[in-house]
2 protein chains.
Amino acid sequence: MITAMDIAHETTRTQLLQAAFAEIHRHGFQAAGLSEILRDTGLTKGALYHHFPSKHALGLAVVDEVIQGWLAKAIFQPLEEAEDPYQTLLTLLDQRIHGMDDEAVKWGCPLNNLIQEMSAVDADFRDHLSVILTRWQGVVQVALTRAQAQGRVRADLDCEAASLFLVAAWEGCWGMAKNRQSPAVFRQCLHELRDYVRGLA
Amino acid sequence: MITAMDIAHETTRTQLLQAAFAEIHRHGFQAAGLSEILRDTGLTKGALYHHFPSKHALGLAVVDEVIQGWLAKAIFQPLEEAEDPYQTLLTLLDQRIHGMDDEAVKWGCPLNNLIQEMSAVDADFRDHLSVILTRWQGVVQVALTRAQAQGRVRADLDCEAASLFLVAAWEGCWGMAKNRQSPAVFRQCLHELRDYVRGLA
DNA sequence: GTAATCATACCGACCGGTCGGTATGTGTCA
DNA sequence: TGACACATACCGACCGGTCGGTATGATTAC
């Protein structure tokens, strides 16, 4: 049974997660300040440390729930459920090419940011991020393999290597655009990546 | 005239730059501790703040001198001086594919690390890093254009877009390998990138 | 009542930066 | 040549402020 308390619990927890995500997105995990998160939510230390035992745990929860949740809905599910995975892959790229504003480019890809910052420093973060990355690559790999079976991709393609490179290059485009602070650069970069995918046919 | 004092001055400054580079490479700029740098060098706060007005200035000096200096010697010059730029490009990729140890993969690409961490946070860092990135892309672009003139690359290639993507994907490979902490992943990833370059012919 | 939920007050550690001081060199001039 | 003035290079104690974390109190729901 879901009580009113559970709802309040969830909303408070969700508030904290969302605010923490935004703060981490802008400043990175290590430089993220709890005070900023509390200011944004209007909550206090007591609330935060009631729901999360530490800043570290809060960060991992952001990775597991907010970031992975978003990717699952925006990328993983569409690819897995697609009847034409190859076309869906191109469509997803197109969506990114066209629907990218200054704000998004400015702060970069939340996943990529954390990967660069935390992978070498904290084993827990690395593992949780690795789960997402592996999942992502796996989804793309399955999509390519299915496309291969449908004859839309050359038969001799190494789908594992290609999916690995695709995800890596994708994040690389984010980084390039982030430094230049330019959606145009991001579009140009992703456009080349789409040509690479086109070349797989 | 170079006096003994000048020599002492330069070596101390170089020591600080090298130690700062190592510390920043491992922990990022914001998380880098001056105390750690001082411990490594055996110097003190007084020495550091004699040579650099702030931690911020020290970081920018690391970018301008250490990082850019290394790239200039390892990548920019070979590409610019190459008689066969296309082959040189492939050779540089091969060198990276084979000469990459656990330690290097663990801490990631120093340039990429700083780009992700600092581009959105600090305008000075972004500008200094952007100079390097632009230079890098420019060198690759010139190399591709020359290769085009030599007939080693298809005539209809957009060298600007390709060079942009190449640098972006390159850094993306670093990020992927850093998360997996695996030189094998890096090699596999760069191998795909080399195939992309091969496809430009 | 009692357990969950959140607020308030506060602690200790750490960090970038400052500052007075010292030691060692360099240039000048008698 | 040697004494004086000054600049450079470096030391290390210290400060203000921030930050993650804790202990405890108040409120609410069941």
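In what follows, chains carry the letters A, B, and so on, assigned in the order in which the sequence lines appear, proteins first and then strands, with residues in each chain numbered from 1.
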Rounded distance in Å - [atom1] ([X]) to [atom2] ([N]):
X: B:Leu43; N: D:dC10; atom1: CG; atom2: C1'; answer: 8 Å
X: A:Arg13; N: C:dC6; atom1: CZ; atom2: C1'; answer: 16 Å
X: B:Leu38; N: D:dC10; atom1: CG; atom2: P; answer: 13 Å
X: B:Tyr49; N: C:dG20; atom1: OH; atom2: C1'; answer: 17 Å
X: B:Phe52; N: D:dA9; atom1: CZ; atom2: P; answer: 12 Å

Return the set of residues passing salt bridge (Lys or Arg N to Asp or Glu O under 4.0 Å) with [X] (not counting sequence neighbours), or none when no residue passes.
X: B:Asp94; result: B:Arg194
X: A:Asp195; result: none
X: B:Arg26; result: none

* Nucleic acid contacts - residues 16-36 of chain A versus DNA chain D, non-hydrogen atoms under 4.0 Å ->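 Of all residues in residues 16-36 of chain A, the ones placing a heavy atom under 4.0 Å from DNA chain D are A:Ala32, A:Gly33, A:Leu34, A:Ser35.
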* Asked: So what does B:Leu48 touch, heavy atoms closer than 4.0 Å: a base, only the sugar-phosphate, or nothing?
  ->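 Counting heavy atoms under 4.0 Å across all strands, no contact is made by B:Leu48.
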* To do: Could you tell me whether B:Lys55 sits above the aromatic face of B:Phe29, with NZ or CZ closer than 6.0 angstrom to the six-membered ring centre and within 45 degrees of the axis?
  =>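 Yes, a cation-pi geometry.
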Identify the pairs formed between an N or O of the protein and an N or O of nucleotides 14-17 of chain D at a distance under 3.5 Å, and give each distance.
none

* Is there a side-chain contact between B:Ile24 and B:Ile37 (heavy atoms, below 4.5 Å)? ->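 Side-chain contact under 4.5 Å: no.
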* **Contact under 4.0 Å: A:His51 side-chain N or O vs C:dA4 OP1/OP2** =>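 No, outside the criterion.
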* To do: Using a cut-off of strictly less than 4.0 Å, decide whether A:His50 has a side-chain nitrogen or oxygen near OP1 or OP2 of C:dT5.
  =>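 So the side chain of A:His50 is within the cut-off, an N or O lying under 4.0 Å from OP1 or OP2 of C:dT5.
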Partners meeting side chain to side chain donor-acceptor pair (under 3.5 Å) with [X] (sequence neighbours left out):
X: B:Glu117; result: B:Gln30
X: B:Arg146; result: none
X: B:Glu36; result: B:Arg39
X: B:Asn113; result: B:Lys178

* Angle by which the axis turns from one end of the helix from C:dG1-D:dC30 to C:dA30-D:dT1 to the other, five pairs per end, to 10 degrees ->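 Here the local axes at opposite ends form an angle of 0°.
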* For B:Leu129, the option from B:Asp124, B:Leu114, B:Thr134 that meets side chain to side chain contact (heavy atoms under 4.5 Å, CB included) ->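 Exactly one pass, corresponding to B:Leu114.
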For residues 68-82 of chain B, dump all side-chain donor-acceptor pairs below 3.5 Å to protein atoms at least two apart in sequence or in another chain.
from    : atom 1 : to       : atom 2 : distance (Å)
B:Glu80 : OE2    : B:Arg135 : NH2    : 3.2

* Asked: Does anything in residues 56-66 of chain B reach DNA chain C, meaning a heavy atom under 4.0 Å, and if so which residues?
  ->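 Within this stretch, nothing sits under 4.0 Å of the strand.
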* **Centroid-centroid distance, A:Phe165 to B:His191, less than 6.0 Å** =>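 A:Phe165 vs B:His191: aromatic centres not under 6.0 Å.
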* Any side-chain donor paired with an acceptor under 3.5 Å for B:Tyr86 and B:Gln148? ->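 Note: B:Tyr86 and B:Gln148 side chains miss the donor-acceptor criterion.
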